[in-house]
Trainee: 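Got a structure for you, written out below as structure tokens; questions coming shortly.
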Amino acid sequence: SIIVGRDIVFNGSRFTNANGTAPQAGVDLETNNYGVDGLIENITFNDCQFVGSNGWQVQVTDNDNPKNIRFNGGVMTSNRGLVSGANTGGILVANDSTILDGVSFKDFTANSGYAVRSHSTPQAMPRIINCKFINLDGGTIQSASSSMGCVVTGCKFVNAGVTFFSGANHLIQDCQF
């Protein structure tokens with residue numbers, strides 16, 4: 001977990017088989033005290049792999065609205081989806097300052113949940129650019145009904161289950177289905 005951090009870069013890292021203490025995510029970006037201890041901003045993951053977590057591969061919570069969280073390339077795959085009573089999947093995001101650029105989501109089972117899911121806060125939806133969604137039985141993208149909209153550009157969907165959008169103001173352009 002990252003509970004306080006600014007200007008952190010991960011290059012080519014591998015986060016594997018997270019389990020144990022909730023939320024059992026490969027990476028959990030979550031301030032513990034809603035800003036009392038600090039904030040989370042300018043966190044970048046370049047070509048990282050997230051494999052086999054019991055919970056989300058990455059969880060960005062809405063505590064204090066983390067800013068400028070970016071994923072460039074990399075893979076989220078084979079989520080186990082074993083957290084009881086919780087949705088799990090690739091990445092759970094909190095706001096529109098999360099950017100997924102060139103990330104591959106692949107080989108999730110129906111039990112694994114959505115590849116990308118937003119929190120149910122009005123500002124919760126990332127920009128999803130040039131990503132690949134491959135062999136996803138659990139679904140690809142879910143935005144909460146109160147979210148402000150989803151921007152999906154240049155993505156490719158292959159055997160990708162159901163793409164589900166709720167809410168309003170979504171923009172989907174230059175994608176292959």
Side-chain angles (χ1 to χ4, degrees), residues 1-2 5 8-18 23-30 40-62 66-81 87-109 112-119 123-144 147 149-165 170-177:
S1 292
I2 297 175
I8 299 172
V9 178
F10 294 88
N11 290 316
S13 299
R14 185 173 167 93
F15 302 88
T16 308
N17 299 327
Q24 301 188 53
V27 172
D28 178 27
L29 302 169
E30 173 178 24
I40 297 173
E41 69 179 4
N42 302 327
I43 311 294
T44 303
F45 296 85
N46 293 315
D47 297 316
C48 294
Q49 295 181 26
F50 302 87
V51 181
S53 296
N54 280 353
W56 290 97
Q57 298 293 9
V58 177
Q59 178 172 310
V60 182
T61 67
D62 56 354
K67 295 173 180 55
N68 302 318
I69 311 300
R70 186 169 183 106
F71 296 83
N72 299 312
V75 176
M76 294 189 192
T77 187
S78 303
N79 186 0
R80 291 184 293 210
N87 285 321
T88 60
I91 182 169
L92 177 64
V93 298
N95 59 42
D96 66 345
S97 74
T98 301
I99 298 173
L100 304 167
D101 189 351
V103 177
S104 292
F105 298 88
K106 61 183 190 173
D107 301 327
F108 284 44
T109 66
S112 297
Y114 287 93
V116 180
R117 184 174 190 268
S118 71
H119 280 281
Q123 70 274 15
M125 203 60 217
R127 286 174 281 168
I128 304 167
I129 306 161
N130 300 320
C131 291
K132 294 179 183 174
F133 298 88
I134 303 167
N135 298 328
L136 303 179
D137 291 336
T140 52
I141 302 167
Q142 180 188 34
S143 60
S147 72
C150 179
V151 177
V152 181
T153 305
C155 294
K156 185 175 183 178
F157 299 82
V158 178
N159 278 339
V162 176
T163 301
F164 174 78
F165 295 98
H170 301 295
L171 173 63
I172 302 167
Q173 64 184 18
D174 301 323
C175 293
Q176 296 176 25
F177 294 89

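Reckoned from all heavy atoms, side chains included, excluding hydrogens, waters and symmetry mates.
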Trainee: What pair of heavy atoms forms the shortest contact from Ala18 to Ala25, and how long is it?
Mentor: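 Shortest heavy-atom separation between Ala18 and Ala25 comes out as CB-O, 3.3 Å.
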Trainee: Ile128 versus Val116: any side-chain heavy-atom pair under 4.5 Å?
Mentor: yes
Trainee: In a check of side-chain contact (heavy atoms from CB on, under 4.5 Å) between Phe10 and each of Thr44, Asn46, Asp47, Ile43, which one passes?
Mentor: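 With Phe10 as partner, Thr44, Asn46, Asp47, Ile43 yield a single side-chain contact (heavy atoms from CB on, under 4.5 Å), made by Ile43.
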Trainee: Looking at every non-hydrogen atom in both residues, tell me the closest pair between Ser53 and Gly26 and how far apart they are.
Mentor: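 It is OG-N, 3.2 Å.
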Trainee: For residues Gln59 and Val27, determine if any side-chain heavy atom of one lies less than 4.5 Å from a side-chain heavy atom of the other.
Mentor: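 They are not in side-chain contact.
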Trainee: Could you give the distance from NZ (Lys106) to CD1 (Ile134), rounded to the nearest 0.5 Å?
Mentor: 6.5 Å
Trainee: Taking the side chain as C-beta and beyond, is there a heavy-atom pair between Lys67 and Asn42 under 4.5 Å?
Mentor: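 They are not in contact (no side-chain heavy atoms under 4.5 Å apart), so the answer is no.
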Trainee: Identify the heavy atoms of Tyr114 and Thr140 that sit nearest to each other, and give their distance.
Mentor: CD2-N, 3.8 Å
Trainee: Look only at the side chain of Gln57 and the backbone of Thr77, and say whether a donor-acceptor pair between them is shorter than 3.5 Å.
Mentor: yes
Trainee: Are any non-hydrogen side-chain atoms of Phe105 and Ile141 less than 4.5 angstrom apart?
Mentor: no
Trainee: Walk me through it: do Asn159 and Phe157 pass the test side-chain contact (heavy atoms from CB on, under 4.5 Å)?
Mentor: CA-CA 7 Å; Asn159 278 339; Phe157 299 82; over 6 Å; no
Trainee: What is the distance from atom CD1 of Ile40 to atom CG of Asn68, rounded to the nearest 0.5 Å?
Mentor: 12.5 Å
Trainee: Just verifying a value: how many Å separate Phe45 CZ and Ile91 CD1, rounded to the nearest 0.5 Å?
Mentor: 8.5 Å
Trainee: With a 4.5 Å heavy-atom cut-off, do Gln173 and Thr153 have their side chains touching?
Mentor: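 SC-SC contact between Gln173 and Thr153 confirmed.
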Trainee: Roughly how far apart are Asp174 CG and Ile129 CD1, rounded to 0.5 Å?
Mentor: 12.0 Å
Trainee: When you compare the side chains of Asn72 and Asp101, does any donor N or O come within less than 3.5 Å of an acceptor on the partner?
Mentor: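 Their side chains do not contain a donor-acceptor pair, so the 3.5 Å distance test is not met.
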Trainee: How far does SG of Cys175 sit from NZ of Lys156, to the nearest 0.5 angstrom?
Mentor: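 With rounding to 0.5 Å, SG (Cys175) is 12.0 Å from NZ (Lys156).
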Trainee: Any heavy-atom pair between the side chains of Val75 and Phe50 that's under 4.5 Å?
Mentor: no
Trainee: Is any side-chain heavy atom of Arg127 closer than 4.5 Å to one of Leu100?
Mentor: no
Trainee: For the atom pair CZ (Arg14) and SG (Cys48), what is the distance rounded to the nearest 0.5 Å?
Mentor: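 Going from the CZ atom of Arg14 to the SG atom of Cys48 covers 11.5 Å.
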Trainee: Do Cys155 and Phe133 have side chains that approach each other closer than 4.5 Å (heavy atoms only, starting at C-beta)?
Mentor: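 Yes. Closest side-chain heavy atoms under 4.5 Å.
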